[in-house]
Chemist: 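The structure under discussion is supplied below as structure tokens; questions concerning it will follow.
What you are looking at is a predicted structure, and each value in this text was computed from that prediction instead of being measured.
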Amino acid sequence: MLEHARVVLTAITRPPARLLLRLGLTPNVVTFTGTALASVVALLTVPYGHLWQGGLLIAVIALTDGIDGQMARLTRPTQFGALLDSTLDRVSDGAIG
């Protein structure tokens with residue numbers, strides 16, 4: 001079942017990942033952008049009671065985590081990029097939680 005989810009996620013994230021790479025963006029830029037957007041949305045929606053709006057926006061923004069990973073796999077993943085991604089994932093989790 002998890003393999004099926006991975007296939008679906010790859011099908012969703014590969015086209016935007018290729019587009020962003022063609023535009024000259026790096027996986028690290030997408031990682032930073034996703035973290036910043038998730039943090040801003042969490043701080044501007046949840047404390048004010050806009051739970052479903054915040055949840056919906058965060059769910060959409062969470063796709064950037066899959067996109068940056070796909071971008072890394074399409075290029076050359078680095079240890080720094082992997083560390084940055086996992087670290088900023090925790091930052092996003094903290095902002096949301």
Side-chain angles (χ1 to χ4, degrees):
M1 180 161 157
L2 289 178
E3 187 59 35
H4 178 68
R6 183 172 296 144
V7 169
V8 171
L9 183 61
T10 298
I12 292 169
T13 59
R14 185 167 283 167
R18 286 184 174 156
L19 173 65
L20 292 172
L21 286 169
R22 277 195 302 269
L23 292 174
L25 296 174
T26 66
N28 292 345
V29 168
V30 176
T31 299
F32 274 116
T33 303
T35 300
L37 288 174
S39 299
V40 167
V41 166
L43 294 172
L44 294 179
T45 58
V46 176
Y48 299 103
H50 303 290
L51 300 180
W52 75 265
Q53 295 95 334
L56 179 64
L57 288 171
I58 288 170
V60 171
I61 293 167
L63 285 175
T64 62
D65 192 42
I67 292 170
D68 66 7
Q70 191 64 238
M71 290 172 72
R73 284 185 288 282
L74 290 170
T75 57
R76 188 172 20 105
T78 65
Q79 287 183 343
F80 173 76
L83 178 64
L84 179 70
D85 183 60
S86 65
T87 302
L88 291 182
D89 285 349
R90 301 299 73 79
V91 171
S92 293
D93 292 345
I96 294 165

Chemist: Quick check for you: to the nearest 0.5 Å, what is the distance between I58 atom CD1 and I96 atom CD1?
Modeler: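 One finds 4.0 Å between CD1 of I58 and CD1 of I96.
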Chemist: Under 4.5 Å between side-chain heavy atoms, hopping through other hydrophobics if needed: is there a path connecting L37 to V30?
Modeler: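 Cluster IDs for L37 and V30 differ.
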Chemist: Considering all heavy atoms of both residues, which atom of T13 and which atom of L63 are nearest to each other, and what is their separation?
Modeler: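 Nearest heavy atoms, T13 then L63: CG2-O, 4.3 Å.
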Chemist: How close do A42 and A95 get, heavy atom to heavy atom, and via which atoms?
Modeler: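 Reported closest heavy-atom pair: CB-O, 3.5 Å.
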Chemist: For A38 and S92, which heavy atoms make the closest approach, and how far apart are they?
Modeler: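 Closest approach of A38 to S92, heavy atoms only: CB-OG, 4.1 Å.
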Chemist: R14: which residues meet the side-chain hydrogen bond (donor to acceptor under 3.5 Å, both in side chains) condition with it, sequence neighbours left out?
Modeler: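 If we apply the side-chain hydrogen bond (donor to acceptor under 3.5 Å, both in side chains) test to R14, skipping adjacent residues, the hits are Q70.
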Chemist: Under the salt bridge (charged side-chain N to carboxylate O under 4.0 Å, His left out) definition, can you give me all pairs with a residue in residues 69-86, not counting sequence neighbours?
Modeler: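 Salt bridge (charged side-chain N to carboxylate O under 4.0 Å, His left out) check on residues 69-86 returns no pairs.
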Chemist: Using every non-hydrogen atom in the two residues, find where G34 and I61 come nearest and quote the distance to one decimal.
Modeler: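 Smallest interatomic distance, heavy atoms only, reads O-CG2, 3.5 Å.
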Chemist: How would you list, by chain and number, every residue that makes a side chain to side chain contact (heavy atoms under 4.5 Å, CB included) with L43, sequence neighbours excluded?
Modeler: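 Scan of L43 (side chain to side chain contact (heavy atoms under 4.5 Å, CB included), adjacent residues dropped) gives none.
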Chemist: Minimum heavy-atom separation for L20 and M71, please, with both atom names.
Modeler: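 What the structure gives for the nearest pair is CB-CE, 3.9 Å.
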Chemist: Show every side-chain hydrogen bond (donor to acceptor under 3.5 Å, both in side chains) that has at least one partner inside residues 21-43, sequence neighbours left out.
Modeler: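 For residues 21-43, and leaving out neighbouring residues, the side-chain hydrogen bond (donor to acceptor under 3.5 Å, both in side chains) pairs sorted by first residue read T31-D68.
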Chemist: Who are the side-chain hydrogen bond (donor to acceptor under 3.5 Å, both in side chains) partners of D93, not counting sequence neighbours?
Modeler: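 Result, side-chain hydrogen bond (donor to acceptor under 3.5 Å, both in side chains) vs D93: R90.
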Chemist: Let me check something: do V91 and L84 share a hydrophobic cluster, defined by ILVMFWY side-chain heavy atoms less than 4.5 Å apart, either directly or through other members?
Modeler: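 Linked, V91 and L84 end up in one cluster.
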Chemist: Would you say L21 ends up clustered with V29 if hydrophobic residues are merged whenever their side chains have heavy atoms under 4.5 Å apart, either directly or through other cluster members?
Modeler: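 In one cluster with V29: L21, yes.
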Chemist: Quick test of your reading: applying side-chain hydrogen bond (donor to acceptor under 3.5 Å, both in side chains), list the pairs with at least one residue in residues 42-66, sequence neighbours left out, ordered by first then second residue.
Modeler: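 Of all non-adjacent pairs touching residues 42-66, none passes side-chain hydrogen bond (donor to acceptor under 3.5 Å, both in side chains).
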